[in-house]
There are 2 protein chains.
Amino acid sequence: MTGKKAADARRTSIGAQRNPASQDAILQAAEEILVEGGLGSFSIEAVARRAHAGKPTIYRWWPTRTILLLDVYHRQKFVDIAPDTGAIETDIFQLLSDLLEFWNTGHGGAVFRSVIAEAQTDPAASKALAAYMAERYQQGGEIFRRAKARDEVADWVVPELAMEIITSFVWKRLLTDRLEIAPEQLRLVVRHLVHGLKAQ
Amino acid sequence: MTGKKAADARRTSIGAQRNPASQDAILQAAEEILVEGGLGSFSIEAVARRAHAGKPTIYRWWPTRTILLLDVYHRQKFVDIAPDTGAIETDIFQLLSDLLEFWNTGHGGAVFRSVIAEAQTDPAASKALAAYMAERYQQGGEIFRRAKARDEVADWVVPELAMEIITSFVWKRLLTDRLEIAPEQLRLVVRHLVHGLKAQ
DNA sequence: ACTTGAACGAAACGGCTCGTTTCGTTATAT
DNA sequence: ATATAACGAAACGAGCCGTTTCGTTCAAGT
């Protein structure tokens, strides 16, 4: 992606201040390890080795493995959660399609899977994930607010809840390693999902 | 649940055959650890301590932590995946309601969460989970096959896929620790889900 | 009746990882 | 000029992992 490995040059202190080169090398090494080996290979020790960084340097800025993981996660580029194509069905297709592509082709899938897995073990990760998801549902609910303004979906549809529902399916596919969904198959899924959301 | 702890009595060899008392104590201790401390506390060592069993005894019958975890999982009582209430909407409500209750009140939720988390790390767990889910979709698809026979859902509905979709939402709730859903709220979710599955 | 062999729990092992501490070095901040 | 803090490397003790050893208990086979 960036074209360079986690640790190209030797680094050292640049005085009584944080060294951004070390910070970058550590975060990049962490992401590489997640992508290549998954959460099982992800440890402070392994990241330090790969980044040619000292363990105390990592522990100074990222007190726990979970915090480092979440930092890697937050540095990702995220997909547009509320595309506006003019129709609810194509909006949802676009959103899910973008999510799948992001998870499939980039590093996003491996990182996000790891965050979810970590949340099953670490309350800090669980709390962070909950907060993040709530924000995303709020933002993404815009799709349904717009559609309601167009009288395209029923009154009783709750935007945030609908958002949560339509993203659930791809979550499950991510966690069960079945992300490769052909466009026509995805269209069928969206058809299942959307038809009930339309006003009669 | 059973009323007794993992290891009440001292056990020893009963000759050149497997000791079912040890087997039970180990599986019960494993389940207790999962419920009380989650996957993070789950190790062969911890299970051996709690069950007053020797580590070699565990390794003899469950070569890896994942295999032990899956054995705990498979010993659960599972909910009826295809309730037959006569109408698709109440069928789905019943199914999701049963799932939520099982996960909430019993040990099922903690154990299943752990299996999903383990599947993010261990390919063996991932494979086992995939096989199990495929079987469940197949069985649960019966709900939609019956509904199609009644002309209650559209022709294009794919039973197994519909099953996957409607269970996705509670999966996500399980994994984000938001299982407590009031009946009227669940009814709303089902309304979101089902309405699109109905024939016009 | 006697021997063989397997399962059992306990203990100890070598190896590994974890989070911390120590060290000498670098360079900013005062 | 001095104090302070960050840096990477190395080493530390603690704990867990998977295995081995040990003495004991009995079913299975002769």
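The chains referred to below are lettered A, B, ... by the order of the sequence lines, with proteins before strands, and numbering in each begins at 1. Note that the coordinates shown come from a computational prediction; the quantities given were computed from them, not determined experimentally.
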For B/Arg150, salt bridge (Lys or Arg N to Asp or Glu O under 4.0 Å) partners two or more places apart: B/Glu152
Which residues share a side chain to side chain donor-acceptor pair (under 3.5 Å) with [X], sequence neighbours left out:
X	result
B/Asp80	none
A/Ser114	none
A/Lys148	none
A/Asp84	none

Taking ring pair (Phe, Tyr, Trp, His ring centres under 6.0 Å) as the cut-off, I'd like each qualifying pair that reaches into residues 16-39 of chain A, sequence neighbours left out, listed once. none
Here the ring pair (Phe, Tyr, Trp, His ring centres under 6.0 Å) pairs for residues 75-97 of chain A, sequence neighbours left out, are A/Tyr73-A/Phe78, A/Phe78-A/Tyr132
Would you tabulate the pairs of protein nitrogen or oxygen atoms and nucleotide nitrogen or oxygen atoms of nucleotides 24-26 of chain C closer than 3.5 angstrom?
residue: C/dT26; atom: O2; partner: A/Ser13; partner atom: OG; Å: 2.9

Using a heavy-atom cut-off of 4.0 Å across all strands, would you classify B/Glu45 as base, sugar-phosphate, or nothing? base
Taking only Lys NZ, Arg NE, NH1 and NH2, and the carboxylate oxygens of Asp or Glu, determine whether A/Glu32 and A/Arg50 approach each other closer than 4.0 Å. yes
Where along residues 64-72 of chain B does a heavy atom fall under 4.0 Å from DNA chain D? none
Among residues 33-42 of chain B, which contact DNA chain D at a heavy-atom distance under 4.0 Å? none
Verify, without hydrogens or angle tests, whether A/Arg11 (side chain) and A/His52 (backbone) share a donor-acceptor contact under 3.5 angstrom. yes
Under 4.0 Å: is that the gap between some side-chain N or O of B/Trp61 and OP1 or OP2 of C/dA6? no
Anything under 4.0 Å to a heavy atom of chain B counts; send over the first and last such nucleotide of DNA chain D, read 5' to 3'. D/dC16 to D/dA27
Could you list the donor-acceptor pairs under 3.5 angstrom formed by side chains in residues 138-146 of chain A, with sequence neighbours left out?
residue: A/Gln139; atom: NE2; partner: A/Glu135; partner atom: OE2; Å: 3.1
residue: A/Glu142; atom: OE1; partner: A/Arg145; partner atom: NE; Å: 3.3
residue: A/Arg145; atom: NH1; partner: A/Glu160; partner atom: OE2; Å: 3.0
residue: A/Arg145; atom: NH2; partner: A/Gln138; partner atom: O; Å: 2.8
residue: A/Arg146; atom: NH2; partner: A/Ala82; partner atom: O; Å: 3.4
residue: A/Arg146; atom: NH2; partner: A/Pro83; partner atom: O; Å: 2.8

Separation of B/Gln23 atom CD from C/dA6 atom P, in whole Å? 19 Å
How long is the line joining OH of B/Tyr59 and P of C/dC8, in whole Å? 16 Å
A/Trp62 six-ring centre to A/Arg18 NZ/CZ under 6.0 Å and within 45° of normal: yes
